[in-house]
Number of protein chains: 2
Amino acid sequence: MSSKRPTLARRSLPMRPFSESLPMALLRTREAVMRLFRPGLRSRGVTEQQWRILRALAHQGPMEVTELAEATFFLAPSLSRILPDLEQRRLIGRRVVDTDLRRSVVSLQAEGLRLITEHAPYSEQMYARIAKRFGTEKLVQLLQLLHDLETSLGELAGELEPDLARARNRKPSP
Amino acid sequence: MSSKRPTLARRSLPMRPFSESLPMALLRTREAVMRLFRPGLRSRGVTEQQWRILRALAHQGPMEVTELAEATFFLAPSLSRILPDLEQRRLIGRRVVDTDLRRSVVSLQAEGLRLITEHAPYSEQMYARIAKRFGTEKLVQLLQLLHDLETSLGELAGELEPDLARARNRKPSP
DNA sequence: CGAATATAATTATGATGTTAATTAATTTTC
DNA sequence: GAAAATTAATTAACATCATAATTATATTCG
(Lines give C-alpha, C1' and ligand atoms only; values in the text may rest on other atoms or scores of the structure.)
Protein backbone atom coordinates (compact mmCIF):
# COMPACT_ATOMS: atom_id res chain seq x y z
CA MET A 1 0.00 0.00 0.00
CA SER A 2 3.04 2.27 0.02
CA SER A 3 3.46 2.78 -3.70
CA LYS A 4 4.67 6.31 -4.31
CA ARG A 5 2.21 8.23 -6.37
CA PRO A 6 3.94 9.41 -9.52
CA THR A 7 5.03 13.01 -9.41
CA LEU A 8 3.21 15.12 -11.94
CA ALA A 9 5.14 16.19 -14.94
CA ARG A 10 6.45 19.63 -14.23
CA ARG A 11 9.25 20.44 -16.62
CA SER A 12 8.75 22.35 -19.80
CA LEU A 13 5.68 24.12 -18.56
CA PRO A 14 4.49 26.75 -20.96
CA MET A 15 5.72 29.55 -18.79
CA ARG A 16 8.81 31.34 -17.59
CA PRO A 17 10.70 30.07 -14.58
CA PHE A 18 9.47 31.34 -11.27
CA SER A 19 12.77 33.08 -10.65
CA GLU A 20 12.15 35.39 -13.59
CA SER A 21 8.78 36.53 -12.37
CA LEU A 22 8.75 40.29 -12.35
CA PRO A 23 6.23 40.74 -9.52
CA MET A 24 8.20 38.33 -7.40
CA ALA A 25 11.48 40.11 -8.09
CA LEU A 26 9.95 43.45 -7.17
CA LEU A 27 8.48 42.05 -3.99
CA ARG A 28 11.71 40.44 -2.88
CA THR A 29 13.79 43.48 -3.60
CA ARG A 30 11.45 45.81 -1.82
CA GLU A 31 11.39 43.59 1.21
CA ALA A 32 15.19 43.53 1.23
CA VAL A 33 15.26 47.33 1.17
CA MET A 34 12.71 47.69 3.91
CA ARG A 35 14.60 45.30 6.11
CA LEU A 36 17.28 47.97 6.32
CA PHE A 37 14.97 50.91 6.92
CA ARG A 38 12.39 49.45 9.25
CA PRO A 39 14.46 49.22 12.43
CA GLY A 40 15.24 52.94 12.34
CA LEU A 41 11.63 53.86 11.84
CA ARG A 42 10.57 51.51 14.54
CA SER A 43 12.92 53.14 17.00
CA ARG A 44 11.03 56.39 16.33
CA GLY A 45 7.70 54.71 16.91
CA VAL A 46 6.43 55.02 13.38
CA THR A 47 5.55 52.34 10.91
CA GLU A 48 6.59 52.28 7.31
CA GLN A 49 3.10 53.45 6.33
CA GLN A 50 3.01 56.32 8.77
CA TRP A 51 6.40 57.46 7.55
CA ARG A 52 5.14 57.44 3.98
CA ILE A 53 2.36 59.80 4.95
CA LEU A 54 4.51 62.17 6.99
CA ARG A 55 7.07 62.30 4.24
CA ALA A 56 4.57 63.10 1.53
CA LEU A 57 3.14 65.91 3.64
CA ALA A 58 6.59 67.24 4.42
CA HIS A 59 7.55 67.38 0.77
CA GLN A 60 4.36 68.38 -0.90
CA GLY A 61 2.69 70.40 1.81
CA PRO A 62 -0.91 70.19 3.07
CA MET A 63 -3.23 68.08 0.96
CA GLU A 64 -6.75 66.80 0.92
CA VAL A 65 -7.20 63.18 1.85
CA THR A 66 -7.84 62.15 -1.73
CA GLU A 67 -4.67 63.84 -2.92
CA LEU A 68 -2.75 62.27 -0.09
CA ALA A 69 -4.03 58.86 -1.10
CA GLU A 70 -2.76 59.38 -4.60
CA ALA A 71 0.58 60.74 -3.44
CA THR A 72 1.26 57.94 -0.99
CA PHE A 73 -0.33 55.15 -2.99
CA PHE A 74 -2.69 54.26 -0.20
CA LEU A 75 -6.30 53.43 -0.74
CA ALA A 76 -8.73 55.76 0.96
CA PRO A 77 -9.83 53.21 3.60
CA SER A 78 -6.23 52.74 4.70
CA LEU A 79 -5.86 56.45 5.28
CA SER A 80 -9.11 56.54 7.21
CA ARG A 81 -7.59 54.13 9.65
CA ILE A 82 -4.09 55.60 9.86
CA LEU A 83 -4.82 59.33 9.97
CA PRO A 84 -6.76 59.45 13.25
CA ASP A 85 -3.81 57.87 15.03
CA LEU A 86 -1.31 60.35 13.59
CA GLU A 87 -3.68 63.14 14.49
CA GLN A 88 -3.99 62.02 18.10
CA ARG A 89 -0.23 61.97 18.36
CA ARG A 90 -0.14 65.54 17.04
CA LEU A 91 2.08 64.55 14.14
CA ILE A 92 -0.49 65.83 11.67
CA GLY A 93 -3.47 68.13 11.78
CA ARG A 94 -6.72 68.17 9.85
CA ARG A 95 -9.18 70.85 9.08
CA VAL A 96 -12.40 70.70 7.14
CA VAL A 97 -12.55 72.69 3.93
CA ASP A 98 -15.15 75.33 4.57
CA THR A 99 -16.34 75.49 0.98
CA ASP A 100 -16.95 71.72 0.93
CA LEU A 101 -17.67 70.02 4.21
CA ARG A 102 -16.95 66.59 2.79
CA ARG A 103 -13.31 67.40 2.26
CA SER A 104 -10.58 67.91 4.77
CA VAL A 105 -7.01 69.06 4.43
CA VAL A 106 -4.24 67.19 6.18
CA SER A 107 -1.06 68.98 7.15
CA LEU A 108 2.12 68.29 9.02
CA GLN A 109 2.27 69.58 12.57
CA ALA A 110 5.34 70.76 14.45
CA GLU A 111 5.79 67.40 16.09
CA GLY A 112 5.63 65.62 12.76
CA LEU A 113 8.17 67.96 11.24
CA ARG A 114 10.46 67.39 14.19
CA LEU A 115 10.22 63.65 13.75
CA ILE A 116 11.08 63.94 10.10
CA THR A 117 14.03 66.26 10.52
CA GLU A 118 15.39 64.09 13.29
CA HIS A 119 15.04 60.86 11.41
CA ALA A 120 15.98 62.02 7.91
CA PRO A 121 19.75 61.87 8.49
CA TYR A 122 19.51 58.24 9.54
CA SER A 123 17.48 57.44 6.49
CA GLU A 124 19.81 59.31 4.17
CA GLN A 125 22.83 57.65 5.66
CA MET A 126 21.32 54.26 4.97
CA TYR A 127 20.60 55.36 1.45
CA ALA A 128 24.20 56.45 1.05
CA ARG A 129 25.40 53.06 2.21
CA ILE A 130 23.16 51.32 -0.28
CA ALA A 131 24.38 53.58 -3.06
CA LYS A 132 27.98 52.99 -2.15
CA ARG A 133 27.59 49.24 -2.05
CA PHE A 134 25.39 48.86 -5.08
CA GLY A 135 26.77 51.70 -7.14
CA THR A 136 25.23 55.12 -7.49
CA GLU A 137 24.91 54.90 -11.26
CA LYS A 138 23.20 51.54 -11.02
CA LEU A 139 20.81 52.93 -8.47
CA VAL A 140 19.93 55.85 -10.70
CA GLN A 141 19.56 53.49 -13.61
CA LEU A 142 17.27 51.22 -11.61
CA LEU A 143 15.02 54.07 -10.52
CA GLN A 144 14.80 55.23 -14.09
CA LEU A 145 13.87 51.78 -15.35
CA LEU A 146 11.23 51.41 -12.66
CA HIS A 147 9.74 54.71 -13.61
CA ASP A 148 9.77 53.86 -17.31
CA LEU A 149 8.18 50.52 -16.66
CA GLU A 150 5.45 52.10 -14.59
CA THR A 151 4.73 54.41 -17.48
CA SER A 152 4.65 51.57 -19.99
CA LEU A 153 2.37 49.54 -17.79
CA GLY A 154 0.06 52.46 -17.37
CA GLU A 155 -0.25 52.81 -21.12
CA LEU A 156 -0.82 49.10 -21.53
CA ALA A 157 -3.47 49.06 -18.83
CA GLY A 158 -5.24 51.85 -20.63
CA GLU A 159 -5.26 49.98 -23.92
CA LEU A 160 -6.28 46.67 -22.39
CA GLU A 161 -8.90 48.16 -20.14
CA PRO A 162 -11.84 46.43 -21.90
CA ASP A 163 -10.07 43.04 -21.85
CA LEU A 164 -9.12 43.35 -18.22
CA ALA A 165 -12.60 44.39 -17.22
CA ARG A 166 -14.01 41.38 -19.03
CA ALA A 167 -11.61 39.01 -17.28
CA ARG A 168 -12.39 40.67 -13.98
CA ASN A 169 -16.07 40.00 -14.28
CA ARG A 170 -15.89 36.50 -15.64
CA LYS A 171 -16.89 34.02 -12.98
CA PRO A 172 -14.28 31.59 -11.72
CA SER A 173 -14.84 28.21 -13.35
CA PRO A 174 -17.00 26.13 -10.95
CA MET B 1 -11.39 82.93 15.19
CA SER B 2 -10.68 81.81 11.66
CA SER B 3 -7.04 82.89 11.41
CA LYS B 4 -5.16 80.42 9.22
CA ARG B 5 -2.43 78.70 11.09
CA PRO B 6 0.87 79.17 9.27
CA THR B 7 1.99 76.22 7.18
CA LEU B 8 5.12 74.63 8.52
CA ALA B 9 8.30 75.11 6.59
CA ARG B 10 8.72 72.14 4.36
CA ARG B 11 11.21 72.88 1.63
CA SER B 12 14.84 71.90 1.78
CA LEU B 13 14.27 69.05 4.16
CA PRO B 14 17.41 67.05 4.75
CA MET B 15 16.22 64.17 2.64
CA ARG B 16 15.61 63.06 -0.91
CA PRO B 17 12.33 63.87 -2.61
CA PHE B 18 9.57 61.41 -2.03
CA SER B 19 9.49 60.56 -5.71
CA GLU B 20 13.01 59.14 -5.50
CA SER B 21 12.25 56.81 -2.67
CA LEU B 22 13.37 53.36 -3.66
CA PRO B 23 10.83 51.43 -1.59
CA MET B 24 8.07 53.59 -2.99
CA ALA B 25 9.24 53.09 -6.56
CA LEU B 26 9.34 49.33 -6.07
CA LEU B 27 5.90 49.31 -4.53
CA ARG B 28 4.34 51.41 -7.25
CA THR B 29 5.88 49.41 -10.03
CA ARG B 30 4.87 46.10 -8.55
CA GLU B 31 1.33 47.29 -8.10
CA ALA B 32 1.26 48.48 -11.70
CA VAL B 33 2.39 45.04 -12.84
CA MET B 34 -0.13 43.21 -10.73
CA ARG B 35 -2.94 45.36 -12.01
CA LEU B 36 -2.40 43.66 -15.36
CA PHE B 37 -2.13 40.13 -14.04
CA ARG B 38 -4.77 40.08 -11.32
CA PRO B 39 -7.91 40.03 -13.48
CA GLY B 40 -6.79 36.90 -15.31
CA LEU B 41 -6.00 35.08 -12.10
CA ARG B 42 -9.25 36.18 -10.62
CA SER B 43 -11.18 34.73 -13.50
CA ARG B 44 -9.62 31.36 -12.61
CA GLY B 45 -10.60 31.72 -8.99
CA VAL B 46 -7.10 32.00 -7.60
CA THR B 47 -5.49 34.87 -5.78
CA GLU B 48 -2.08 36.21 -6.49
CA GLN B 49 -0.76 34.37 -3.44
CA GLN B 50 -2.29 31.04 -4.39
CA TRP B 51 -0.82 31.36 -7.85
CA ARG B 52 2.61 31.97 -6.39
CA ILE B 53 2.37 28.70 -4.53
CA LEU B 54 1.08 26.65 -7.44
CA ARG B 55 3.70 28.06 -9.70
CA ALA B 56 6.57 27.32 -7.35
CA LEU B 57 5.37 23.74 -7.01
CA ALA B 58 4.95 23.37 -10.73
CA HIS B 59 8.46 24.52 -11.44
CA GLN B 60 10.41 23.11 -8.57
CA GLY B 61 8.41 20.00 -7.80
CA PRO B 62 7.21 18.74 -4.42
CA MET B 63 8.64 20.55 -1.44
CA GLU B 64 8.40 20.63 2.30
CA VAL B 65 6.45 23.52 3.76
CA THR B 66 9.60 25.28 4.94
CA GLU B 67 11.17 25.06 1.50
CA LEU B 68 7.97 26.28 -0.04
CA ALA B 69 7.95 29.26 2.29
CA GLU B 70 11.44 30.18 1.20
CA ALA B 71 10.68 29.66 -2.46
CA THR B 72 7.49 31.71 -2.44
CA PHE B 73 8.62 34.31 0.07
CA PHE B 74 5.72 33.60 2.39
CA LEU B 75 6.02 33.42 6.11
CA ALA B 76 5.11 30.06 7.57
CA PRO B 77 1.86 31.28 9.17
CA SER B 78 0.61 32.53 5.81
CA LEU B 79 1.16 29.12 4.29
CA SER B 80 -0.59 27.46 7.20
CA ARG B 81 -3.66 29.45 6.31
CA ILE B 82 -3.49 29.16 2.53
CA LEU B 83 -2.48 25.52 2.05
CA PRO B 84 -5.57 23.87 3.61
CA ASP B 85 -7.76 25.74 1.16
CA LEU B 86 -5.71 24.66 -1.85
CA GLU B 87 -5.72 21.13 -0.50
CA GLN B 88 -9.50 21.07 -0.15
CA ARG B 89 -9.83 22.20 -3.72
CA ARG B 90 -7.55 19.34 -4.79
CA LEU B 91 -5.07 21.72 -6.37
CA ILE B 92 -2.31 20.44 -4.14
CA GLY B 93 -1.69 17.40 -2.00
CA ARG B 94 0.23 16.86 1.22
CA ARG B 95 1.82 13.88 2.78
CA VAL B 96 3.74 13.55 6.01
CA VAL B 97 7.40 12.64 5.74
CA ASP B 98 7.67 9.25 7.35
CA THR B 99 11.19 9.79 8.66
CA ASP B 100 10.15 13.02 10.40
CA LEU B 101 6.54 13.33 11.38
CA ARG B 102 6.82 17.09 11.90
CA ARG B 103 7.44 17.69 8.23
CA SER B 104 5.11 17.34 5.31
CA VAL B 105 5.70 17.51 1.60
CA VAL B 106 3.43 19.59 -0.58
CA SER B 107 2.94 18.66 -4.21
CA LEU B 108 0.90 19.77 -7.17
CA GLN B 109 -2.14 17.64 -7.96
CA ALA B 110 -3.64 17.00 -11.37
CA GLU B 111 -6.19 19.75 -10.90
CA GLY B 112 -3.49 22.25 -9.97
CA LEU B 113 -1.41 21.31 -12.97
CA ARG B 114 -4.42 21.72 -15.20
CA LEU B 115 -5.06 25.19 -13.81
CA ILE B 116 -1.47 26.18 -14.45
CA THR B 117 -1.28 24.86 -17.98
CA GLU B 118 -4.55 26.49 -18.83
CA HIS B 119 -3.64 29.85 -17.41
CA ALA B 120 0.03 30.01 -18.35
CA PRO B 121 -0.59 31.12 -21.94
CA TYR B 122 -2.62 34.09 -20.73
CA SER B 123 0.11 35.03 -18.33
CA GLU B 124 2.84 34.62 -20.92
CA GLN B 125 0.92 36.66 -23.43
CA MET B 126 0.65 39.49 -20.94
CA TYR B 127 4.34 39.20 -20.29
CA ALA B 128 5.04 39.38 -23.99
CA ARG B 129 2.96 42.53 -24.27
CA ILE B 130 4.88 44.11 -21.44
CA ALA B 131 8.18 43.14 -23.01
CA LYS B 132 7.12 44.50 -26.36
CA ARG B 133 5.98 47.79 -24.93
CA PHE B 134 8.80 48.30 -22.49
CA GLY B 135 11.57 46.65 -24.44
CA THR B 136 12.87 43.15 -23.89
CA GLU B 137 16.43 44.29 -23.22
CA LYS B 138 15.29 46.79 -20.66
CA LEU B 139 13.22 44.13 -18.96
CA VAL B 140 16.20 41.80 -18.75
CA GLN B 141 18.31 44.65 -17.51
CA LEU B 142 15.76 45.53 -14.85
CA LEU B 143 15.53 41.99 -13.57
CA GLN B 144 19.30 41.83 -13.41
CA LEU B 145 19.52 45.08 -11.46
CA LEU B 146 16.85 43.93 -9.04
CA HIS B 147 18.72 40.74 -8.44
CA ASP B 148 22.02 42.55 -7.95
CA LEU B 149 20.45 45.00 -5.56
CA GLU B 150 18.94 42.21 -3.54
CA THR B 151 22.39 40.68 -3.24
CA SER B 152 23.98 43.97 -2.20
CA LEU B 153 21.28 44.59 0.36
CA GLY B 154 21.73 41.14 1.76
CA GLU B 155 25.44 41.79 2.26
CA LEU B 156 24.75 45.16 3.83
CA ALA B 157 22.18 43.71 6.18
CA GLY B 158 24.73 41.17 7.28
CA GLU B 159 27.33 43.82 8.03
CA LEU B 160 24.90 46.14 9.77
CA GLU B 161 23.20 43.44 11.74
CA PRO B 162 24.42 44.72 15.15
CA ASP B 163 23.36 48.30 14.34
CA LEU B 164 19.98 47.24 13.09
CA ALA B 165 19.35 45.05 16.09
CA ARG B 166 20.21 47.96 18.37
CA ALA B 167 17.83 50.29 16.54
CA ARG B 168 15.16 47.63 16.62
CA ASN B 169 15.28 47.31 20.37
CA ARG B 170 15.53 50.97 21.21
CA LYS B 171 12.26 52.20 22.64
CA PRO B 172 10.28 54.76 20.69
CA SER B 173 10.79 58.15 22.31
CA PRO B 174 7.84 58.76 24.67
C1' DC C 1 -37.04 74.31 -5.78
C1' DG C 2 -36.26 69.40 -5.20
C1' DA C 3 -35.50 64.66 -6.77
C1' DA C 4 -31.77 62.16 -8.86
C1' DT C 5 -26.97 61.67 -9.39
C1' DA C 6 -22.18 62.23 -8.10
C1' DT C 7 -18.39 62.69 -4.87
C1' DA C 8 -15.38 62.55 -0.32
C1' DA C 9 -14.68 60.04 3.29
C1' DT C 10 -15.64 56.46 6.57
C1' DT C 11 -17.13 51.95 8.06
C1' DA C 12 -17.64 46.88 7.37
C1' DT C 13 -15.91 42.53 5.98
C1' DG C 14 -12.87 39.14 4.67
C1' DA C 15 -8.12 37.86 3.37
C1' DT C 16 -3.15 38.55 4.37
C1' DG C 17 1.17 39.91 6.81
C1' DT C 18 3.63 39.94 11.18
C1' DT C 19 5.09 38.66 15.70
C1' DA C 20 4.64 35.80 19.45
C1' DA C 21 3.05 31.70 21.70
C1' DT C 22 2.03 26.87 21.29
C1' DT C 23 2.23 22.03 19.98
C1' DA C 24 4.44 18.03 18.46
C1' DA C 25 8.45 15.69 17.18
C1' DT C 26 13.37 15.18 16.88
C1' DT C 27 18.16 15.77 18.23
C1' DT C 28 21.65 16.80 21.62
C1' DT C 29 24.02 16.25 25.81
C1' DC C 30 25.41 14.49 29.88
C1' DG D 1 18.38 6.78 28.18
C1' DA D 2 16.06 10.78 29.98
C1' DA D 3 16.14 15.89 30.56
C1' DA D 4 17.18 19.92 27.85
C1' DA D 5 17.42 22.21 23.69
C1' DT D 6 16.04 22.58 18.87
C1' DT D 7 13.06 22.42 14.94
C1' DA D 8 8.59 22.19 11.89
C1' DA D 9 4.39 23.63 11.71
C1' DT D 10 0.22 25.61 13.46
C1' DT D 11 -2.53 28.77 16.15
C1' DA D 12 -3.41 33.34 18.27
C1' DA D 13 -3.62 38.23 18.24
C1' DC D 14 -3.37 42.33 16.07
C1' DA D 15 -2.39 45.58 12.32
C1' DT D 16 -3.04 46.24 7.37
C1' DC D 17 -5.01 45.85 2.54
C1' DA D 18 -8.80 45.26 -0.88
C1' DT D 19 -13.49 45.51 -2.10
C1' DA D 20 -17.93 46.79 -1.17
C1' DA D 21 -21.43 49.20 1.36
C1' DT D 22 -22.67 53.34 3.83
C1' DT D 23 -22.98 58.19 5.25
C1' DA D 24 -22.86 62.93 4.51
C1' DT D 25 -22.51 66.61 1.47
C1' DA D 26 -22.62 68.80 -3.29
C1' DT D 27 -24.08 69.21 -7.84
C1' DT D 28 -27.10 68.62 -11.78
C1' DC D 29 -31.16 69.09 -14.17
C1' DG D 30 -36.12 68.84 -14.91
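Because the structure is predicted, anything quoted here is derived from the model rather than measured. Chain letters run A, B, ... following the sequence lines, proteins first and then strands; every chain starts at 1.
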Checklist entry - Relative to the 5' end of DNA chain D, which residue comes earlier, A/I82 or B/V65, by the nucleotide with the nearest heavy atom? => result B/V65
Next on the checklist: Which is more 5' along DNA chain C, the nucleotide nearest B/L101 or the one nearest A/E64? Just name the residue.
Outcome noted: A/E64
Item to check | Phosphate OP1/OP2 of C/dA8 contacted by A/R94 side-chain N/O (<4.0 Å) | outcome: no
Checklist entry - Under 4.0 Å between a side-chain N/O of B/Q50 and OP1 or OP2 of C/dA15, yes or no? => result no
Next on the checklist: I need the CZ-C1' distance between A/R95 and C/dA9, as an integer number of Å.
Outcome noted: 17 Å
Checklist entry - Side-chain heavy atoms under 4.5 angstrom apart, residues restricted to Ile, Leu, Val, Met, Phe, Trp, Tyr: same cluster for B/L143 and B/F134? => result yes
Checklist entry - Over how many whole Å does the gap from A/L83 atom CG to C/dA9 atom P extend? => result 10 Å
Next on the checklist: Among D/dT25, D/dA20, D/dT16, which nucleotide has an atom closest to any side-chain atom of A/Q49?
Outcome noted: D/dT16
Produce the list of close N/O pairs, under 3.5 Å, pairing protein atoms with atoms of nucleotides 2-7 of chain C; give distances to one decimal.
{"unit_1": "C/dT7", "atom_1": "O2", "unit_2": "A/R102", "atom_2": "NH1", "d": "2.6"}

Checklist entry - Once you round it to whole Å, what is the distance between P of C/dT28 and CG of B/D100? => result 12 Å
Item to check | Single-linkage hydrophobic cluster, 4.5 Å side-chain cutoff, A/V105 and A/L79 together | outcome: no
Checklist entry - Does A/T29 use its side chain to pair, donor to acceptor, with the backbone of A/L26 at less than 3.5 Å? => result no
Item to check | Closest to the B/T66 side chain, choosing from C/dT18, D/dA9, C/dT16 | outcome: D/dA9
Next on the checklist: The side chain of B/F74 is closest to which nucleotide in this list: C/dA9, D/dA9, C/dG17?
Outcome noted: C/dG17
Item to check | Residue closer to the 5' end of DNA chain D, B/S80 versus A/F73 (nearest nucleotide) | outcome: B/S80
Item to check | Pairing of B/E31 and B/R28 as salt bridge, 4.0 angstrom limit | outcome: no
Checklist entry - Do A/L86 and A/V46 come within less than 4.5 Å of each other through their side chains, counting heavy atoms only? => result no
Item to check | Polar side-chain atom of B/R133 near backbone of A/S152 as donor-acceptor pair, under 3.5 Å | outcome: no
Checklist entry - A/W51 vs A/H119 aromatic rings, parallel, tilted or perpendicular, using cut-offs 30° and 60°? => result perpendicular
Next on the checklist: Let's see if you can work this out: which of D/dT11, C/dT10, D/dT16 has an atom nearest to the side-chain heavy atoms of A/T47?
Outcome noted: D/dT16
Next on the checklist: Classify B/L75 by what it touches in the nucleic acid, base, sugar-phosphate, or nothing, heavy-atom distance under 4.0 Å.
Outcome noted: base
Next on the checklist: Between A/P84 and A/E31, which residue's closest nucleotide on DNA chain C lies nearer the 5′ terminus?
Outcome noted: A/P84
